[in-house]
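Naming convention: chains lettered A, B, ... in sequence-line order (proteins, then strands); numbering from 1 in each chain. Heavy-atom basis, side chains included; hydrogens, waters and symmetry copies ignored. Remember, predicted model here, so these are calculated numbers, not experimental data.
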Amino acid sequence: MRRGPSAFNVAAIVAGLVFLYLPIVLLILYSFNASSLVTVWGGFSTRWYAALAKDQQMLDAAWTTLRVGAISATLATVLGVLAAVALVRAGKFRGRWGLAGMTYATLVMPEVILGLSLLLLFVAVGAPRGFWTVTLSHATLTLAYATVVVQARLASIDRSLEEAAQDLGCPPAMAFLKITLPAIAPAVAAAWMLAFTLSLDDLVIASFTSGPGATTLPMRLYSQVRLGVDPKINAISTLLIGLVATGVIAAYLIQQRAARRA
Amino acid sequence: MKPERAALAAVAPYLWLLAFFAVPFLLVAKLSLSDSVLAMPPYAPQIDLSRGADGVRAFLAALDLETYLRLVRDHLYLDAYLSSLRLAATGTVILLLIGYPIAYGITRCAPGPRQALLMAVILPFWTSFLIRIYAWIAILKPQGLLNAALGALGLEPVNLLNTEAAVILGLVYAYLPFMVLPLYAVLTRQDESLIEAAQDLGASPTRAFWTVTVPLSLPGVAAGALLCFIPMAGEFVIPDLLGGSETLMLGKVIWIEFFANRDWPAASAVAIVLLVTLLVPIMLLERAPPKVLR
């Protein structure tokens with residue numbers, strides 16, 4: 001029998017959630033503040049959102065960020081699916097240790113080190129820094145996350161269907177495309193969304209690997225944040241939080257539904 | 001699909017990681033042995049391939065440990081190194097103390113709320129790091145929301161922004177999901193009958209918790225601690241935005257050397273020192289059973 005949570009357990013959970021969410025809630029709340037002072041509530045207003053719509057630099061940065069995110073997430077997902085297939089299906093092969101090691105190392109590596117090392121690579125090969133260098137760097141960062149997400153799903157699916165198809169004469173590649181790929185599709189979609197979100201959020205790696213004309217939204221936000229608290233930052237943050245929360249919850253629901261069907 | 005065919009799938013991601021992950025580290029190592037110069041790129045020596053083997057030999061001869069000597073001689077770097085480790089360790093201990101009750105509490109809930117609560121803990125992790133830290137600036141600054149609340153209660157205002165306490169608070173806040181998840185993963189897999197057996201044999205619930213639940217959850221404790229400690233030790237955004245000028249951490253030093261001082265060899269040498277320090281924790285983490293990390 002499973003014992004229910006004690007009063008202490010409930011208190012710990014509630015305190016934890018308040019700690020996690022209070023700052024975010026306050027941030028969202030004050031993005032609708034008519035006053036430009038952070039601590040004074042001057043009534044409800046959407047003036048900071050209107051100001052945002054006129055901020056061309058911010059809009060350009062947002063557009064750059066979305067493009068970097070979409071392209072890098074796609075690259076990372078394709079490579080992540082390949083890596084996951086190798087790690088789950090290939091048994092022991094030469095290079096397995098290296099592939100798994102580099103994947104897990106990327107997950108925990110401090111971003112300053114990743115950013116610096118990638119920049120040195122681009123300087124060494126003489127690649128002009130800008131949109132593409134940020135995109136390639138983000139694909140490298142998010143590849144590991146995509147691999148882990150797809151790997152988990154791939155390891156849990158039943159292989160007998162694919163084997164049955166092969167027994168009935170279906171070529172292995174076709175059996176994989178027709179049976180396994182649809183089965184892991186929710187995880188692939190989730191991997192893409194997570195990669196996209198991570199790219200959307202990254203400040204450090206983008207700062208190192210970006211060049212003139214490819215300022216991302218976090219870079220623009222960071223330079224504003226350093227100047228102090230500004231309700232306009234609250235407004236753009238609220239929009240970003242809404243976008244990301246929608247994406248993550250959608251990814252979660254897709255996975256839940258797929259898990260229930262399986 | 002045959003295993004040999006599946007192994008072919010490894011080629012593209014393997015080459016990608018080799019090019020964009022492994023090789024760049026070699027470049028950082030090389031650069032840490034170079035000298036800083038006023039040029040673009042701002043380091044010397046360069047390999048002069050037009051001179052063939054002589055060029056390579058001259059390049060290798062010009063590499064030295066001078067940058068590392070500079071790091072050892074200047075107490076600023078040593079201070080930053082020690083405070084990185086100290087703050088990351090303090091943060092890890094606090095995270096364990098508040099993360100464990102949360103993870104344990106969630107495992108004791110019914111399956112429905114359990115999933116929702118887990119989702120609620122994960123969600124902030126996907127919300128921009130920068131934005132979540134920015135949210136704390138508005139709370140902690142001298143005329144911020146915290147002092148407004150304290151004032152309303154008739155209490156003395158506190159000055160937390162730009163202190164070490166604010167950095168620890170930021171670390172704990174940002175990394176809490178990383179601690180709760182691995183703890184939850186081990187706690188939820190525990191066999192409930194072990195607790196019942198302990199209680200049937202006369203152990204009080206408290207004693208059963210400390211002698212059965214806690215020891216069995218140690219792999220999760222280790223995984224969570226490493227998962228938090230490693231990135232926290234190299235953290236940049238949190239010490240930069242919440243800490244004062246006297247709170248130096250290695251991540252911030254790398255950033256300053258690179259962007260403000262344009263001393264690429266120094267930034268590289270600090271990165272190598274940080275990497276070597278984190279190598280043991282990273283290897284320990286990779287030996288953790290993969291189930292703990294999911």
What do the steps show when you test A:L116 against B:S268 for side-chain contact (heavy atoms from CB on, under 4.5 Å), and what is the final call?
CA-CA 8 Å; A:L116 178 67; B:S268 301; 4.1 Å; yes
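- Heavy atoms closer than 4.5 Å to chain B are found nowhere in A:T147, neither backbone nor side chain.
- The part of A:T197 that comes within reach of chain B is its side chain, from C-beta onward, which places non-hydrogen atoms under 4.5 angstrom from that chain.
- Contact annotation for A:T180: neither backbone nor side-chain heavy atoms come within less than 4.5 Å of a heavy atom of chain B.
- For the options B:G105, B:A9, B:G251, heavy-atom pairs under 4.5 Å to chain A are most numerous at B:A9.
- The shortest side-chain heavy-atom distance between A:L120 and B:F25 does not fall under the 4.5 Å cut-off.
- Within the 4.5 angstrom heavy-atom criterion, only side-chain atoms of A:L114, from C-beta onward, approach chain B.
- In terms of non-hydrogen atom pairs under 4.5 Å with chain A, the most contact-rich of B:D240, B:V237, B:I137 is B:D240.
- Around the CE atom of B:M119, the shell of radius 6.0 Å holds more than 12 heavy atoms that belong to other residues, nucleotides or ligands.
- Only the side chain of A:L17 comes within less than 4.5 Å of a heavy atom in chain B; its backbone stays farther off.
- Taking the six-membered ring for Trp and thresholds of 30 and 60 degrees, B:F258 and A:F208 have ring planes inclined between 30 and 60 degrees apart.
- Only the side chain of A:L75 comes within less than 4.5 Å of a heavy atom of chain B; its backbone N, CA, C and O stay farther away.
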Derivation of the side-chain contact (heavy atoms from CB on, under 4.5 Å) call for A:D202 and B:F129
CA-CA 8 Å; A:D202 168 70; B:F129 211 77; over 6 Å; no
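- The shortest distance between side-chain heavy atoms of A:I233 and B:Y134 falls below 4.5 Å.
- Shown here for A:L121 and B:A19, the closest heavy-atom pair between the two residues is CD2-O, 3.5 Å.
- Contacts of A:I249 with chain B are made by both backbone and side-chain atoms, with heavy-atom separations under 4.5 Å.
- Interface remark: A:F93 contributes side-chain atoms only to the contact with chain B (heavy atom separation under 4.5 Å).
- Residue A:V244 touches chain B through its side chain alone, counting heavy-atom pairs closer than 4.5 Å.
- Here B:Q115 is the residue among B:Q115, B:E235, B:K30, B:M232 with the most heavy-atom pairs under 4.5 Å with chain A.
- Between A:I241 and B:S128, the closest side-chain pair of non-hydrogen atoms is not below 4.5 Å.
- Heavy-atom pairs under 4.5 Å with chain A were tallied for B:F178, B:F20, B:Y173; the largest tally goes to B:Y173.
- Between B:I230 and A:M109 there is no side-chain heavy-atom pair separated by less than 4.5 Å.
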Run the numbers on A:L82 and B:L8 for side-chain contact (heavy atoms from CB on, under 4.5 Å), then give the verdict.
CA-CA 9 Å; A:L82 289 171; B:L8 281 181; over 6 Å; no
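- Aromatic ring pairs are classed by plane angle as parallel below 30°, tilted from 30° to 60° and perpendicular above 60°; the pair B:W255 and A:Y222 is perpendicular.
- In terms of modelled atom types and a separation under 3.5 Å, the side chain of B:Y104 and the main chain of A:N9 share no donor-acceptor contact.
- A:Y104 places none of its side-chain heavy atoms less than 4.5 Å from the side chain of B:M283.
- The candidate with the highest count of non-hydrogen atom pairs below 4.5 Å against chain A, out of B:V270, B:L278, B:I98, B:L274, is B:L274.
- The part of A:L143 that comes within reach of chain B is its side chain, from C-beta onward, which places non-hydrogen atoms under 4.5 angstrom from that chain.
- Interface remark: A:A175 contributes no atoms to any contact with chain B (heavy atom separation under 4.5 Å).
- For A:L27, the part lying near chain B is the side chain, with the backbone staying farther off; criterion is any non-hydrogen pair under 4.5 Å.
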Let's go through B:K252 and A:V112 carefully: what are the C-alpha distance in whole Å and the side-chain angles of both, what is the deciding distance for side-chain contact (heavy atoms from CB on, under 4.5 Å) to 0.1 Å, and is it a yes or a no?
CA-CA 8 Å; B:K252 196 171 157 184; A:V112 268; over 6 Å; no
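- Interface residue A:L26: only side-chain heavy atoms are found under 4.5 Å from chain B.
- For the set B:A110, B:A12, B:G234, B:P24, the entry with the most heavy-atom pairs within less than 4.5 Å of chain A is B:P24.
- At a threshold of 4.5 Å between non-hydrogen side-chain atoms, the residues B:V28 and A:I113 do not count as touching.
- Between A:L118 and B:F21 there is no side-chain heavy-atom pair separated by less than 4.5 Å.
- With a 4.5 angstrom heavy-atom cutoff, A:L99 touches chain B via backbone and side-chain atoms both.
- No donor-acceptor pair under 3.5 Å is formed between the side chain of B:Y14 and the backbone N or O of A:R96.
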